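Treat the numbers as computed from the prediction; the structure is a model and nothing was measured.
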Amino acid sequence: MWYKILFLLIMVNSFYNGQSMTTVFAEFKKVISKSKETNVILFANDKDRKYGMYRDFEMKIDGGTRYFPYWVNVTNPTYAPRILYNDLNQDKKKDLTIVLTKGYGTEALDSEVHVLNKTQTNIGEIYEEVLVDNPIAIILKNVKTKLTQHEAVVSIGDKKTVINIEKFQIPPDHLFNDVAFGSIVKFDVVDNHLVASVGGQITPAMFIGTIEISYKFQDKMYQAKKIEFKSE
C-alpha cells in the first residue's frame, strides 16, 4: 500500500511542478478591472469566488507583470477595484491609485488603498508601492470625541464641533459609549490629492458626520495633511 501512496504523491508533485501548474492557475485567473488611460489590467484568483472574494492579484502594466498576493476585493462588480491615475506627490509624473473594497453592507463599507508612485531606477521608470498612513490610526492620534445622552463632541486641534443629539430621541441604551469610526471608510482622489472619508456614528444606524483626511507625500509615505470633521 505504501508504494501506491508514494507513487500518487510523485505524480501529484510532478503535475504541480510541470507545465500543468500554469494551466491550473490560468483557470482561476480572471480580469476584474482595467484602465485604458493607464493601460493597466488587474487579474485576480477566481478560485474563492464562492466565498465572495477575489485574491492573489496580478497587475499587467508597461509590458510587465506585478504580483500582489495579499490584495483582496469582493466579487460584487459594483465594488470592482478602482484604478485612478493622478500626480499625487506633485513630481509631474502620474501615479497609480488602486482602491479595493474588502467588505460592504448596510451602513458599512471597508475600503483599502494602494498607491504606486512612478520612480526612476537604474533599470528605468517603474511603479513602486508607497505606504499610506491608516486613516483610523490618524483619527485615533488626532481626533478627540465625547458622547453623552445630550450631545456628541468631536474635537480636532483647536476646533470643536458640538452636535445636539436630543432631537434624535435615541433611547440611551442604543447609544455607543463614544463616537465610533471605521464602519465606513472610503478613498478618492480630489484635485490630485488622496482623500479618505471615515463615517462617525453614535448608534449602529446613526451617523453624525464624516472625518475627511487629505494626504500629502512626505518622508517617503503619504501622511495626513489636513483633517476636518463635516457634520451631517
Side-chain angles (χ1 to χ4, degrees), residues 52-53 71-74 76 78-82 84 86 88-90 95 97-115 130-232:
M53 300 298 291
W71 287 11
V72 296
N73 199 93
V74 297
N76 186 334
T78 301
Y79 299 99
R82 298 171 61 209
L84 309 176
N86 306 87
L88 297 183
N89 59 0
Q90 315 303 312
D95 312 299
T97 303
I98 312 296
V99 181
L100 305 175
T101 299
K102 298 162 59 179
Y104 65 94
T106 303
E107 306 295 352
L109 182 67
D110 183 14
S111 298
E112 182 176 272
V113 71
H114 297 272
V115 177
V130 181
L131 182 66
V132 178
D133 207 357
N134 187 298
I136 303 302
I138 292 172
I139 290 172
L140 291 174
K141 289 185 289 187
N142 296 277
V143 179
K144 304 299 182 183
T145 60
K146 182 180 178 181
L147 180 62
T148 70
Q149 296 180 22
H150 311 291
E151 63 184 22
V153 181
V154 179
S155 301
I156 304 174
D158 296 331
K159 185 174 182 180
K160 178 187 290 187
T161 303
V162 180
I163 300 172
N164 177 11
I165 65 170
E166 289 183 332
K167 59 184 177 182
F168 301 129
Q169 298 183 338
I170 302 170
D173 59 339
H174 288 189
L175 284 172
F176 291 153
N177 292 328
D178 201 349
V179 181
F181 298 96
S183 65
I184 292 183
V185 180
K186 300 178 182 178
F187 290 94
D188 208 341
V189 174
V190 180
D191 296 329
N192 284 324
H193 286 90
L194 179 66
V195 177
S197 301
V198 182
Q201 58 195 119
I202 57 177
T203 76
M206 172 67 71
F207 285 81
I208 59 169
T210 302
I211 296 285
E212 287 197 357
I213 302 167
S214 180
Y215 287 84
K216 64 179 177 181
F217 185 70
Q218 181 177 309
D219 298 330
K220 299 181 180 181
M221 65 177 289
Y222 286 93
Q223 305 181 39
K225 175 184 178 182
K226 183 179 179 181
I227 310 168
E228 59 182 336
F229 177 72
K230 296 183 177 180
S231 57
E232 293 288 340

Do [X] and [Y] have side chains that approach each other closer than 4.5 Å (heavy atoms only, starting at C-beta)?
X      : Y      : value
Tyr215 : Leu88  : no
His174 : Met206 : no
Thr101 : Asn76  : no
Glu212 : Val190 : no
Phe168 : Thr203 : no

[X] [atom1] to [Y] [atom2] distance, which is reported to the nearest 0.5 Å:
X      : Y      : atom1 : atom2 : value
Leu100 : Glu112 : CG    : CD    : 6.0 Å
Ile202 : Ile170 : CD1   : CD1   : 3.5 Å
Ile139 : Lys144 : CD1   : NZ    : 12.5 Å
Thr161 : Lys230 : OG1   : NZ    : 12.0 Å
Asn164 : Ile208 : CG    : CD1   : 11.5 Å
Thr148 : Ile165 : OG1   : CD1   : 6.0 Å

Exercise for review: Mark yes when over 12 heavy atoms from residues, nucleotides or ligands other than Asp173 sit less than 6.0 Å from its CG; otherwise mark no.
Suggested key: yes
Check step by step if side chain to side chain contact (heavy atoms under 4.5 Å, CB included) holds for His193 and Lys225.
-> CA-CA 10 Å; His193 286 90; Lys225 175 184 178 182; 3.9 Å; yes
For the student: nearest non-hydrogen atoms of [X] and [Y], plus distance:
X      : Y      : answer
Ala152 : Leu147 : CB-CD1, 3.8 Å
Glu232 : Phe207 : CG-O, 3.4 Å
Glu151 : Val162 : OE1-CG1, 3.4 Å
Ser111 : Phe187 : O-CE1, 3.6 Å
Lys102 : Val72  : CG-CG2, 3.8 Å
Lys141 : Asp133 : NZ-OD2, 3.8 Å

**Message:** As a quick check of understanding, evaluate side chain to side chain contact (heavy atoms under 4.5 Å, CB included) for Lys226 and Ile213, giving each step before the final call.
**Reply:** CA-CA 6 Å; Lys226 183 179 179 181; Ile213 302 167; over 6 Å; no
- [ ] Let me know which of Val115, Val130, Val132, Leu194 forms a side chain to side chain contact (heavy atoms under 4.5 Å, CB included) with Phe217.
- [x]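 The single option meeting the side chain to side chain contact (heavy atoms under 4.5 Å, CB included) with Phe217 is Val130.
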With side-chain hydrogen bond (donor to acceptor under 3.5 Å, both in side chains) as the rule and sequence neighbours excluded, what pairs involving residues 175-192 come up?
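Sorted result for residues 175-192: Arg82-Asp188, Thr145-Asp178, Ser183-Gln201.
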